[in-house]
Novice: 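Take this structure first; my questions come after.
Residue numbering restarts at 1 for every chain, and letters A, B, ... go by the order of the sequence lines.
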Amino acid sequence: MRRFERKQNIFRNKDALGESYQPERIEERDEEIEEYMNALQPVIDGWEPNNIFLYGNTGVGKTAVTDYLLDRLQDDVAAYDDIDLSIISLNCKTLNSSYQVAVELVNELRPSGGEISTTGYPQQTVFKKLYQELEAIGGTILIVLDEVDSIGDRDELLYELPRARANGNLDSAKVGVIGISNDFKFRDQLDPRVQDTLCERELQFPPYDATELKNILESRVEVAVTDGSIDTGVLQLCAALAARDSGSARQALDLLRLGGEIAENREAEMIKEAHIEDARSQLEQERVEEGMRELTTHGRLALLAVISKAAKEETPCRTRDLYEEYRSLCESSETDALGQRSLHNHLSDLRMLGILSAHENRSGSRGNYYNYELDVPFTSAIEAMSDVLHLTTEIDTIRDIAAMNNVG
DNA sequence: CATCCACTGGAAGATATGGCGA
DNA sequence: TCGCCATATCTTCCAGTGGATG
């Protein structure tokens, strides 16, 4: 048996490429930082804080800049005795209503043991509890709501919080909301009254271009990687791939980190472009499998129907045919089949996740409809399905058919 | 030019689950 | 226990859509 051995030829401090790493300096965001600081100025001056709304794609530095500036703010505020600043941060990714965000905030503020459950109360009751907790803290309170777009149009909390003082719900506490959103459209779908207040100060974080990404990578590499273990062109490649896709520093750093891990496992001397290419496809596959793992039973059956059609080389494929396939899979797994409209909903979800793609078919008197097909490699799809629903024999059959047809 | 197909996508209503306070 | 409350997931209903067809 091979022994565990420490491999240290490539990374010096791999964490510096990770999600939680806070660099000492934020690169390429000077303008945004300046504007952000201005927006936070009232906190130092002792006035009611501005509500601030940040938007931009994932990985363009919204959260990083916020963490960085609020740390600084908390340090600097210590110099003034008359200001009592508290910061509450909450990631709303898994919370899809104001109600749930409010519950989560209350639970954050309460000592462990005193948490309230996530359902059962009327919404206003939860808001009242939240106000009580905020009053108990007092002073200036900044509430950071990361990925706040996941609450959709159930935005009552965003209406309530900025007005709490005016409505007499808060007295000693001055509350400012900092909303962070990955979704540009989120701002527009908000209630106009919410836009007025929450978006008092708006900051846009544009995607990084390839040059900026390269600079960011270079500054992290100094800390993270040992000298001379990166081939020429590797950083360029990471930057280019990420710039073309999302303009996300997160993505560029992930590519480099995973590429480095691959290089280490292959006992290479340095990270080469080929390692980055491999990292790219592995990350893509992970993204898809992540999406598939979170599907409900019927979501999986819907996907499996497409996979099965793909194995028979019958994709792209219309809803009607997928519905038949889906019904027979339901029968095999002794699950009650849903209506066709519901299958259509699941297919739409799968399309949003980038697992399926659909092409419109406009064939006149014979109707307009979508033709669906897999938008991920057949192999990744069927791998992610392997552990599903007493359907192992059916899945094996699909595999056999696929092999016969040389699919995948 | 009206009609038709085969859906698509929006909206409202039903059902089930789990939790609250009285 | 009962009447509420919030949520997730489905079902039902229906107004489009737009090229082909008569």
Novice: Identify whether any heavy atom of A:Asn361 sits under 4.0 Å from a base atom; if not, whether one sits that close to sugar-phosphate; answer base, sugar-phosphate or nothing.
Specialist: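 No contact.
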
Novice: Mind calculating the distance between CD (A:Glu156) and C1' (C:dA6) to the nearest angstrom?
Specialist: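 Atom-to-atom, A:Glu156 to C:dA6, this comes out as 12 Å.
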
Novice: So, does A:Ser365 get its side chain near the phosphate of B:dT3, meaning an N or O under 4.0 Å from OP1 or OP2?
Specialist: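 For B:dT3, neither OP1 nor OP2 has a side-chain N or O of A:Ser365 closer than 4.0 Å.
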
Novice: Does C:dT11 have OP1 or OP2 under 4.0 Å away from a side-chain N or O of A:Ser342?
Specialist: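 Checking C:dT11 against A:Ser342, a side-chain N or O does come within under 4.0 Å of OP1 or OP2.
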
Novice: Do the side-chain N or O atoms of A:His346 get closer than 4.0 angstrom to the phosphate oxygens (OP1, OP2) of C:dT9?
Specialist: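 No, A:His346 has no side-chain N/O under 4.0 Å of OP1/OP2 on C:dT9.
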
Novice: Please report, rounded to the nearest Å, how far the P atom of B:dG9 is from the CD atom of A:Gln340.
Specialist: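 These atoms are roughly 14 Å apart.
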
Novice: Hey, are A:Arg399 and A:Glu383 close enough for a salt bridge, meaning a charged N less than 4.0 Å from a carboxylate O?
Specialist: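 Judged by the 4.0 Å cut-off on N to carboxylate O distance, A:Arg399 and A:Glu383 do form a salt bridge.
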
Novice: Between B:dG19, C:dT11, C:dA8, which nucleotide gets closest to the side-chain atoms of A:Ser117?
Specialist: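 Nucleotide nearest to A:Ser117's side chain: B:dG19.
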
Novice: Mind running side chain to side chain donor-acceptor pair (under 3.5 Å) on A:Gln282 and A:Asp278 for me, showing each step along the way?
Specialist: CA-CA 6 Å; A:Gln282 198 173 319; A:Asp278 289 351; over 6 Å; no

Novice: If you check every side-chain atom of A:Asn368, which of C:dT7, C:dC10, C:dT17 has the closest atom?
Specialist: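 That would be C:dT17.
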
Novice: How many Å lie between CD1 on A:Ile116 and C1' on C:dA6, as a whole number?
Specialist: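 Answer to the nearest Å: 13 Å.
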
Novice: Would you say B:dA6 has OP1 or OP2 under 4.0 Å from some side-chain N or O of A:Arg318?
Specialist: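 Result: no.
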
Novice: Side chain to side chain donor-acceptor pair (under 3.5 Å), that's the test. Do A:His298 and A:Tyr326 meet it? Break it down for me.
Specialist: CA-CA 9 Å; A:His298 288 288; A:Tyr326 159 82; 2.9 Å; yes

Novice: B:dT8, OP1 or OP2 - any side-chain N/O from A:Tyr372 closer than 4.0 Å?
Specialist: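 Yes, within the criterion.
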
Novice: So, does A:Tyr370 get its side chain near the phosphate of B:dG9, meaning an N or O under 4.0 Å from OP1 or OP2?
Specialist: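 Answer is yes, contact under 4.0 Å.
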
Novice: Specify the separation, in whole Å, of atom CG of A:Asn345 and atom C1' of B:dG13.
Specialist: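 My rounded result for the distance is 15 Å.
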
Novice: Using a strict cut-off of less than 4.0 Å between a Lys/Arg side-chain nitrogen and an Asp/Glu carboxylate oxygen, indicate whether A:Arg154 and A:Glu156 qualify as a salt bridge.
Specialist: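 A:Glu156 and A:Arg154: not salt-bridged.
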
Novice: Do the side chain of A:Arg300 and the main chain of A:Arg293 share a donor and acceptor less than 3.5 angstrom apart?
Specialist: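 Such a contact is found between A:Arg300 side chain and A:Arg293 backbone.
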
Novice: Check the phosphate of B:dT8 against A:Thr319, side-chain N and O only, distance under 4.0 Å to OP1 or OP2. Yes or no?
Specialist: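 Answer is yes, contact under 4.0 Å.
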
Novice: Just call it for A:Thr296: base, sugar-phosphate, or nothing, with non-hydrogen atoms closer than 4.0 Å on any strand.
Specialist: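 Answer is sugar-phosphate: A:Thr296 comes under 4.0 Å of backbone atoms only.
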
Novice: For A:Arg366 and B:dT3, give me the distance from atom CZ to atom C1', rounded to whole Å.
Specialist: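 Those two atoms, CZ and C1', are 16 Å apart.
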
Novice: Looking across every strand, which nucleic acid part, if any, lies under 4.0 Å from A:Thr125 by heavy atom: base, sugar-phosphate, or nothing?
Specialist: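 Nothing, no nucleic acid heavy atom in range.
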
Novice: Would you call A:Glu284 and A:Arg287 a salt bridge, using N to O less than 4.0 angstrom?
Specialist: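 Between A:Arg287 and A:Glu284 there is a salt bridge, with a charged N closer than 4.0 Å to a carboxylate O.
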
Novice: Would you mind classifying the nucleic acid contact of A:His298 as base, sugar-phosphate or nothing, using non-hydrogen atoms under 4.0 angstrom?
Specialist: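 Sugar-phosphate contact only - A:His298 comes under 4.0 Å of backbone atoms but never of a base.
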
Novice: What integer distance in Å separates A:Leu343:CG from C:dT12:P?
Specialist: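 Between P of C:dT12 and CG of A:Leu343: 15 Å.
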
Novice: Over how many whole Å does the gap from A:Leu322 atom CG to B:dA6 atom P extend?
Specialist: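 To the nearest whole Å, that distance equals 16 Å.
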
Novice: Looking at B:dC7, I'd like to know if its phosphate oxygens (OP1 or OP2) sit under 4.0 Å from a side-chain N or O belonging to A:Arg320.
Specialist: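 Yes, because at least one side-chain N or O of A:Arg320 sits under 4.0 Å from OP1 or OP2 of B:dC7.
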
Novice: Just to be sure I understand the rule, does A:Arg341 reach a base, reach only the sugar-phosphate, or reach nothing, if contact means heavy atoms closer than 4.0 Å?
Specialist: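 Result for A:Arg341 = base.
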
Novice: Take the protein atom OH of A:Tyr369 and the nucleotide atom C1' of B:dC5, then report the distance between them rounded to whole Å.
Specialist: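 About 10 Å, once rounded to whole Å.
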
Novice: Indicate, with a heavy-atom threshold strictly under 4.0 Å, whether A:Thr119 touches base, sugar-phosphate, or nothing.
Specialist: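 Touches a base.
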
